[in-house]
Colleague: 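Could you have a look at this structure, given as structure tokens, before my questions?
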Amino acid sequence: MSAGRQRTLGGGGQHILDYLKRMQAENPAFYYAIQGDNENTGGNIFWADATARINYTYFGDMVMFDTTYRTNRYRVPFASFTGLNHHGQPVLFGCALILNESESSFAWLFQTWLHAMSGRHPISITTDPDRLIQVAVSQVFPETRLRFNKWGIFSETQKKLTHIYESHPTFEAEFKKCINETETVDEFESFWASLLERYVVLDNEWLQSIYNVRQQWVPVYMRNTFFGELSMIGVNGDLSSFFEGHVNASTTVQMLIKQYEKAIASWHEKELKADYDTSNTMPVLRTPSPMEKQAANLYTRRIFMKFQEELVETLANPATKIEDLGALSTYRVAKFGEVHKAHSVNFNSSEVKAGCSCQMFEYSGIICRHILAVFRAKNVLTLPPQYVLKRWTRNAKSGAVLEEHASEMPNNSQDSLTIRYNNLRQEAVKYVEEGAKSIHIYHVAMEALQEATKKVAALKNQGFGTQDGTLMNGGNSEINAPENIQTASYQSADEKRKKIHELTTELESVNQRCEVYRSNLLAVLRDMEEEKLKLSVKVQNARLSLKE
């Protein structure tokens, strides 16, 4: 689709706006914007909650912009920005209702999203193939690698070539093999030419059009850019995976927010489970390699399984040195019996660095079997640090916000508020995870939390407000430490009473939220105790079975 289109939300628009206003009132780090800043213009609407914004600081290297609604004729023009977390699961970076489809509207949407993400550009962005989106991306993200969603192209190809698909049942499999399984540009070009000739489609306009933009969607042309895909043939390429099963063609505007929140809750639960599995179970090692044990302790479970697969494959992919220039050497790595599919690996022994012609590390962030085979031949027993991307590790969410945004805090009031919120939230999440590990630690953590709540309340009662970089104590002076606190002075007793009332109300609200957090902490503890009990029963049953 390349022409602009105007949509309307009908009577459900106000329902969406009321929700966005309520969420921002409850949490200032919740961000939303309306194109033209006028609720009655029918402009596009964008929003991102605090979790989406903080997740972007950890996993914003690659982004997928999902506009499935355009091809599936959804009742609601709902689009989303998503990525992949450290478990390879979909993670949300923001949502939009696209009422006005034009180059300028998409440009506004991308600029607004980028502002909400503190101006940090992604390395790559994947979108549905569309001229309007392509132009907007080139304007807003000039340095970001744009990739078209190949599954959208596959789907459109099936529609455009229905007669070919029906008359030649093998065409689809051959077409996908050409795209997904060719490993070099020369191999793709040869396969493509042969495909068009065998099925007599040399002059087909659609095939020619997608061939002309092959560098923006055929994987073999994209290997030198990080897209975070765990499969080299892109099995996980469906852009709609985050909201799949929650938002579809039958979803109405009135249903949207409820389904949106269900999807978020569902993926949050899946991430917690993946975190728990990674932290509390040890994968079965398949080799005596110290590198495998190292990786098991570094990576999340799913990423380790992918690494382990590559490591085990080195046994069937020997490395043969073909050139030696001292510290620099070149190896040919091929599977037994498949010499024609050999890959070339350049190795620098002084820096323990290697580069492979398959470019799997550049594309997915996981080291390939070919480089691992060379490491094996050179007795490199542990993974060099440059081959461990933090975003795939157990500690992917540690430190990033503080490290990357500390210098930004004085610049903008709203951004600084978001950063402070995100920093506190991240520390709180880690606190809950540690505090729930045992009943003893839980009681200690709860006492400390209650004491901290009292200290925060004491500061609030002394006149501290919420303006960025200042203390609301009757002036705008910036002070750096608690010892500089002075008694608030107000113009009148009425103003003082009013201020006390406001702070008391705010304190009550904070206390209510703390109660919610405590309840959630108890729920986590109960769930963990139940899981331990179930595991204990299974162990006992297994022991009884062995005795019998």
Side-chain angles (χ1 to χ4, degrees), residues 86-88 180-184 187 219-220 222-224 226-236 278 281-394:
H86 51 323
H87 301 290
N180 289 330
E181 299 183 28
T182 50
E183 297 183 356
T184 66
E187 185 183 358
V220 75
M222 318 290 289
R223 296 289 185 217
N224 62 347
F226 181 78
F227 287 96
E229 287 192 3
L230 301 183
S231 171
M232 294 294 280
I233 63 171
V235 173
N236 302 308
T278 294
T281 59
M282 185 66 183
V284 176
L285 302 183
R286 297 170 61 185
T287 75
S289 167
M291 187 182 289
E292 184 182 17
K293 185 175 182 181
Q294 174 199 17
N297 291 322
L298 283 173
Y299 290 127
T300 60
R301 174 56 60 83
R302 185 180 179 192
I303 304 306
F304 169 73
M305 298 302 288
K306 180 59 182 173
F307 168 83
Q308 185 183 58
E309 177 187 333
E310 296 299 311
L311 184 66
V312 170
E313 281 296 321
T314 63
L315 301 175
N317 287 265
T320 304
K321 186 183 292 187
I322 57 175
E323 186 176 19
D324 192 345
L325 299 174
L328 302 177
S329 52
T330 303
Y331 288 80
R332 183 180 69 247
V333 182
K335 194 169 185 176
F336 289 115
E338 297 183 4
V339 179
H340 61 289
K341 290 189 175 182
H343 284 278
S344 175
V345 177
N346 297 316
F347 179 69
N348 184 327
S349 58
S350 62
E351 299 179 4
V352 197
K353 288 185 177 179
C356 181
S357 58
C358 80
Q359 296 183 304
M360 176 177 167
F361 181 75
E362 291 82 357
Y363 189 68
S364 68
I366 299 171
I367 198 166
C368 66
R369 62 194 63 180
H370 314 113
I371 292 178
L372 289 173
V374 173
F375 282 173
R376 187 164 173 261
K378 298 294 291 184
N379 285 324
V380 178
L381 301 179
T382 58
L383 273 174
Q386 64 265 30
Y387 294 108
V388 181
L389 290 194
K390 184 177 180 181
R391 62 114 55 237
W392 291 134
T393 68
R394 298 163 178 246

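Along the sequence shown, residues are numbered consecutively beginning with 1.
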Colleague: Taking side chain as C-beta onward, heavy atoms only, is Leu389 less than 4.5 Å from Phe361?
Modeller: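 Yes, side chains in contact.
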Colleague: Between Phe304 and Asn297, is the side chain to side chain contact (heavy atoms under 4.5 Å, CB included) condition met? List the steps.
Modeller: CA-CA 9 Å; Phe304 169 73; Asn297 291 322; over 6 Å; no
Colleague: Would you check, one step at a time, whether the test side chain to side chain contact (heavy atoms under 4.5 Å, CB included) holds for Glu309 with Arg369?
Modeller: CA-CA 8 Å; Glu309 177 187 333; Arg369 62 194 63 180; 3.9 Å; yes
Colleague: Regarding Gln294 and Thr382, do their side chains bring together a donor and an acceptor under 3.5 Å, going by distance alone?
Modeller: no
Colleague: Are Glu292 and Gln308 packed together at the side-chain level, in the sense that at least one heavy-atom pair is separated by less than 4.5 angstrom?
Modeller: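 Contact flag for Glu292/Gln308 side chains = yes.
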Colleague: With a 4.5 Å cut-off on side-chain heavy atoms, are Ile366 and Trp392 touching?
Modeller: yes
Colleague: Report yes or no: do His343 and Glu183 form a side-chain donor-acceptor pair below 3.5 Å?
Modeller: yes
Colleague: For the atom pair CG (Leu311) and CG (Leu285), what is the distance rounded to the nearest 0.5 Å?
Modeller: 10.0 Å
Colleague: Between Ser329 and Glu323, is there a donor-acceptor pair closer than 3.5 Å when you use the side chain of the first and the backbone of the second?
Modeller: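 A pair under 3.5 Å: no.
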Colleague: If you round to the nearest 0.5 Å, how far is CZ of Arg223 from OG of Ser364?
Modeller: 9.0 Å
Colleague: Would you call His370 and Glu310 a side-chain contact if the rule is heavy atoms closer than 4.5 Å?
Modeller: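 Heavy-atom side-chain distance check fails, nothing below 4.5 Å.
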Colleague: What distance separates Arg391 CZ from Ile303 CD1, expressed to the nearest 0.5 Å?
Modeller: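 The CZ atom of Arg391 sits 8.0 Å away from the CD1 atom of Ile303.
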Colleague: Just so I know, are the side chains of Arg394 and Tyr299 near enough to count as touching, which here means a heavy-atom distance under 4.5 Å?
Modeller: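 They are not in contact (no side-chain heavy atoms under 4.5 Å apart), so the answer is no.
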Colleague: Mind checking whether His87 and Arg301 have side chains closer than 4.5 Å, heavy atoms only?
Modeller: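 His87 vs Arg301: side chains apart.
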Colleague: Ring pair (Phe, Tyr, Trp, His ring centres under 6.0 Å) for Tyr363 and Phe227? Distances and angles first, verdict last.
Modeller: CA-CA 6 Å; Tyr363 189 68; Phe227 287 96; 5.7 Å; yes
Colleague: Can you list the steps and then say if Lys353 with Gln386 is a side chain to side chain contact (heavy atoms under 4.5 Å, CB included)?
Modeller: CA-CA 8 Å; Lys353 288 185 177 179; Gln386 64 265 30; 3.3 Å; yes
Colleague: Quick one: which of Val345, Asn317, Ile367 gives a side-chain contact (heavy atoms from CB on, under 4.5 Å) with Leu372?
Modeller: Ile367
Colleague: If you compare all heavy atoms of Pro318 against all heavy atoms of Ala334, which two are closest, and at what distance to 0.1 Å?
Modeller: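 Smallest interatomic distance, heavy atoms only, reads CD-O, 3.4 Å.
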Colleague: Looking at side-chain heavy atoms only, is the closest gap between Val352 and Lys378 below 4.5 Å?
Modeller: no
Colleague: Calculate, to the nearest 0.5 Å, the distance between atoms CG and NZ belonging to Leu298 and Lys390 respectively.
Modeller: 12.5 Å
Colleague: What is the distance from atom CE of Met291 to atom CZ of Phe375, rounded to the nearest 0.5 Å?
Modeller: 6.0 Å
Colleague: CZ/Phe226 to CD/Glu362 distance, rounded to the nearest 0.5 angstrom?
Modeller: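 Those atoms lie 11.0 Å apart.
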Colleague: Any donor-acceptor pair under 3.5 Å linking the side chain of Ser344 with the backbone of Arg332?
Modeller: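 Not confirmed, Ser344 side chain does not pair with Arg332 backbone.
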Colleague: Give a yes-or-no answer on whether the side chains of Thr330 and Asn346 include a donor-acceptor pair shorter than 3.5 Å.
Modeller: yes
Colleague: Return yes if a side-chain donor-acceptor contact under 3.5 Å exists between Arg302 and Thr278, otherwise no.
Modeller: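 Arg302 vs Thr278: no donor-acceptor pair found between side chains.
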